[in-house]
Amino acid sequence: MQRLFQPVDIASLIMLRIVFGILGFADVFGTWIYYHMMKGAFYTEGFQFKYYGFEWVKPLPEPFMSILLLSICACAILVALGKWYRISATLFAFGFTYTYFLEKAHYLNHGYLFCWIAFLMIFLPVNRQLSLDVKRPQHSSLGEHARDVNQIEERNKKAFQQRLPFLLTRLNRLLS
């Protein structure tokens, strides 16, 4: 049980955030280039293959589609940098999923996975280190800041330990 609450290095999650942001930018930028090279790619009046249940998703008229794609690119860069992480990750996830559901003929299996990972990334704490969101304490020493962080982690650990039996009982009831 003690192993569950030992500190874990966050470096792998930070690497995931940076690589995810770069790949997201490259994918959406490629979609933007494709959209401008192939004039009928997301043509609003033409026939499109739609995903079942998502027939209501329609492409935006020009210039809004270009603005949307460039905004998603900007969100991907912000995710990679860790600036306004929660907001930019949320906007990226919804924007990327929207462009994915526009046309079934553009299907790529990694696009589906990327949609799931994009929504998962919203909830990961990957902006805690090596990001532009990290705020340094201005009037306190680094030792005081570390002590505050340790107190918060200790309080969260105790709260989790108190709720764990309740959660396991609920899970057992659901499964039986």
Side-chain angles (χ1 to χ4, degrees), residues 4-38 41-42 51 54 57-103 106-157 159-160:
L4 289 175
F5 300 104
Q6 289 178 348
V8 177
D9 190 21
I10 198 170
S12 59
L13 284 178
I14 293 169
M15 187 66 179
L16 173 70
R17 183 198 77 217
I18 294 168
V19 170
F20 179 81
I22 292 169
L23 290 175
F25 172 78
D27 194 290
V28 176
F29 191 69
T31 303
W32 180 73
I33 291 172
Y34 175 75
Y35 173 69
H36 285 288
M37 297 287 278
M38 306 299 287
F42 295 117
Y51 286 95
F54 292 95
V57 179
K58 305 276 187 225
L60 298 172
E62 193 57 39
F64 299 112
M65 193 67 188
S66 291
I67 293 170
L68 174 72
L69 290 171
L70 292 175
S71 299
I72 299 170
C73 284
C75 287
I77 291 171
L78 290 173
V79 166
L81 295 174
K83 184 67 175 169
W84 303 306
Y85 175 73
R86 299 281 183 208
I87 294 168
S88 58
T90 304
L91 292 174
F92 177 80
F94 280 105
F96 187 87
T97 304
Y98 167 76
T99 59
Y100 177 78
F101 283 136
L102 281 179
E103 177 67 61
H106 298 163
Y107 174 79
L108 292 171
N109 59 355
H110 73 275
Y112 181 69
L113 174 66
F114 218 71
C115 291
W116 282 104
I117 293 174
F119 280 103
L120 179 65
M121 291 290 288
I122 297 170
F123 303 104
L124 292 178
V126 295
N127 61 336
R128 289 187 181 172
Q129 287 182 0
L130 199 64
S131 75
L132 298 178
D133 278 350
V134 175
K135 293 187 179 5
R136 300 283 179 216
Q138 295 177 0
H139 299 291
S140 64
S141 69
L142 191 58
E144 291 176 17
H145 179 70
R147 188 176 56 234
D148 292 341
V149 169
N150 288 337
Q151 288 174 352
I152 292 169
E153 287 177 353
E154 189 66 33
R155 187 174 59 228
N156 289 342
K157 182 169 64 169
F160 179 75

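All values below come from the heavy atoms of this structure, side chains included, with hydrogens, waters and symmetry mates left out.
- Between Arg17 and Asn127, the closest heavy-atom pair is NH1-CA, 4.1 Å.
- Legend: residues meeting side chain to side chain contact (heavy atoms under 4.5 Å, CB included) with Phe64, ordered by chain and number and at least two apart, are Leu60, Pro61.
- Residues that satisfy the side chain to side chain contact (heavy atoms under 4.5 Å, CB included) test with Ile67, not counting sequence neighbours, are Ser71.
- Closest approach of Gly24 to Ala76, counting heavy atoms only: C-CB, 3.9 Å.
- Note that the CZ atom of Phe96 and the CG atom of Asp27 stand 4.0 Å from one another [nearest 0.5 Å].
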Can you give each donor-acceptor pair under 3.5 Å made by side-chain atoms of residues 79-87, sequence neighbours left out, with the distance rounded to 0.1 Å?
residue	atom	partner	partner atom	Å
Tyr85	OH	Met121	O	2.4
Arg86	NH1	Ile122	O	2.4
Arg86	NH1	Leu124	O	3.1

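- Looking at heavy atoms from C-beta onward, Ile72 lies out of side-chain contact with Tyr98 at the 4.5 angstrom threshold.
- At least one side-chain heavy atom of Val28 sits under 4.5 Å from a side-chain heavy atom of Phe92.
- Distance check: Cys73 SG to Leu68 CG gives 9.5 Å after rounding to the nearest 0.5 Å.
- Qualifying ring-ring contact (aromatic ring centres under 6.0 Å, His included) partners for Phe119, counting only residues two or more places apart in sequence or in other chains: Phe94.
- Judged as a ring-ring contact (aromatic ring centres under 6.0 Å, His included), and not counting sequence neighbours, the contacts of Phe25 are Phe29.
- Of all non-hydrogen atoms in Thr99 and Leu69, the two that sit nearest each other are CG2-CD2, 3.6 Å.
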